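Scroll down for the structure; my scribbles are underneath it.
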Amino acid sequence: MGNSENRKFATKLIHFGAEIDKQTGASSVPLYQASTFHQASLDEPPEYDYTRSGNPTRQALEDYIALLEGGVRGFAFASGMAAISGAFMLLSAGDHVICTEDVYGGTYRLLTTILTRMNIETTFVDMTDLDKVKAALQPNTKAIFIETPSNPTLKITDVAAVTAWAKEHELLTMLDNTFMTPYHQRPIELGVDIVLHSATKFLGGHSDVTAGLAVAATDSLGHRLKQIQNGLGTILGVQDSWLLMRGMKTLKARMEAHETSARKLADWLSAHPAVTAVYYPGLPNHPGREIHEKQSLGYGAVVSFDTGSGEKAKQLLSKVKIPLVAVSLGAVESILSYPAMMSHAAMPREVRHERGITDGLVRYSVGLEDIEDILEDLDQALRS
Ligand SMILES: *Cc1c(COP(=O)(O)O)cnc(C)c1O
């Protein structure tokens with residue numbers, strides 16, 4: 001492959017190392033649909049002995065995401081939450097975590113209902129303010145969990161500033177990169193130790209696979225994550241590993257098209273009389289725009305906006321004809337979500353409102369449909 005390390009991202013997406021089967025020359029990784037492997041000689045340890053511990057199809061995916069994120073080792077899990085839970089298993093009873101306050105709902109649930117029972121405590125802070133992160137430090141703090149842009153109001157954390165401070169205090173940093181993907185944001189280059197993904201979203205890209213990925217920045221973290229993945233057994237299956245790679249090959253083409261439309265949508269919504277607020281890191285008035293531009297190569301494809309009331313939001317959801325009205329994001333089809341009744345339903349109303357998640361807020365994940373049709377559809381739904 002020559003000096004493939006120096007190749008550009010788009011080339012790495014297609015030529016990631018396992019794009020040609022070494023045995024047959026086949027143009028995709030074979031599905032090694034096997035749970036175990038014959039050990040012809042007991043004298044030397046086999047490369048693969050049991051699929052929970054390693055499988056060539058899954059390995060190809062794990063090497064693929066490690067290459068894209070610029071890490072040393074990748075891991076494929078059964079879901080985004082399995083990857084995130086696995087990463088938290090690096091901690092021990094008595095440890096303390098600092099976490100961004102508008103973290104993904106599933107991560108919030110893990111931290112507040114499961115890890116608390118393991119005596120791992122979390123302080124949730126507004127990570128747009130580094131002083132608040134610093135103020136949360138305790139003698140037993142071991143890790144920082146970052147999500148930027150956050151969901152659904154797309155708040156921005158200065159990743160390099162947080163990781164620089166974390167290193168001074170020997171804290172492990174983890175970042176959920178689901179919204180940006182390595183095409184738009186590569187956290188390891190900003191000092192993050194572990195990058196996490198719900199590959200169910202943009203990486204898979206077609207709303208047809210549930211998967212999670214983790215990438216370690218160092219060999220020692222990679223070694224420990226391998227132990228956890230094998231020990232918990234929360235691996236991604238062979239078929240889903242293959243399907244995910246199938247989707248990832250078009251990541252650049254999809255992200256570019258998604259983003260072009262998302263920018264148009266954000267501008268259009270900003271001028272719409274029925275919309276009271278628009279959240280998108282690419283808008284000139286977005287409070288985190290400058291920091292986001294320093295650490296990311298694009299704004300992504302998720303645009304949140306406020307319709308003014310719960311009644312209007314529900315009306316919109318019932319009138320739109322193009323998007324899927326659903327939980328999830330990052331797919332070829334547009335997906336319209338209603339945080340107050342979907343992803344953030346478990347959050348008390350006052351807490352939701354404090355965080356800008358009003359009853360009128362909806363989140364649009366812009367798909368690959370023609371933007372003119374998306375706008376026309378939204379216009380008729382907003383005006384009716
Ligand atoms: C969906 C999502 C997750 C959870 O991923 P699953 O694949 O559903 O388990 C985690 N983080 C973010 C930002 C997400 O959007």
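Order of appearance sets the numbers: ligands from 1, and atoms from 1 within every ligand. Bear in mind that the values here come from a model prediction, so they are computed numbers and not experimental data.
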Below 4.0 Å from any atom of ligand 1, is there a heavy atom belonging to [X]?
X    : value
N151 : no
H197 : no
T107 : no
G330 : no

Considering non-hydrogen atoms of the protein only, which is the closest contact for [atom], and what is the distance?
atom                   : value
atom 9 (O) of ligand 1 : M81 N, 2.8 Å
atom 4 (C) of ligand 1 : Y104 CE2, 3.4 Å
atom 7 (O) of ligand 1 : T200 OG1, 2.6 Å
atom 5 (O) of ligand 1 : S198 OG, 2.9 Å

Atoms in ligand 1 with a heavy atom of [X] nearer than 4.0 Å:
X    : value
A211 : 7 (O)
D176 : 10 (C), 11 (N), 12 (C), 13 (C)
K201 : 1 (C), 2 (C), 3 (C), 14 (C), 15 (O)
I84  : 10 (C)

Are [X] and [Y] connected, step by step, through hydrophobic side chains (Ile, Leu, Val, Met, Phe, Trp, Tyr) whose heavy atoms are closer than 4.5 Å?
X    : Y    : answer
L236 : L68  : yes
M174 : L213 : no
I144 : I291 : no

**OP:** Quickly, which of K252, R254, R246 forms a side chain to side chain donor-acceptor pair (under 3.5 Å) with T250? Name it, please.
**Re:**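 When side chain to side chain donor-acceptor pair (under 3.5 Å) is applied between T250 and each of K252, R254, R246, only R254 qualifies.
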
Subject >> Of K132, H96, E101, the residue whose pairing with T123 passes side chain to side chain donor-acceptor pair (under 3.5 Å) >> reply: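 Output: one option passes, namely H96.
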
**OP:** Indicate whether any N or O donor in one side chain lies under 3.5 Å from an N or O acceptor in the other, for E69 and N177.
**Re:**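 Side chains of E69 and N177: pair found under 3.5 Å.
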
Please determine if [X] has a nitrogen or oxygen closer than 3.5 Å to a nitrogen or oxygen of ligand 1.
X    : value
F179 : no
E147 : no
L329 : no

What about the rings of [X] and [Y], do their centers lie closer together than 6.0 Å?
X    : Y    : answer
F9   : Y183 : yes
F202 : H258 : yes
Y108 : F124 : yes

Subject >> Test item: F88 and I120 side chains (from C-beta on) under 4.5 Å apart, heavy atoms >> reply: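 The answer is no; the side chains never approach within 4.5 Å.
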
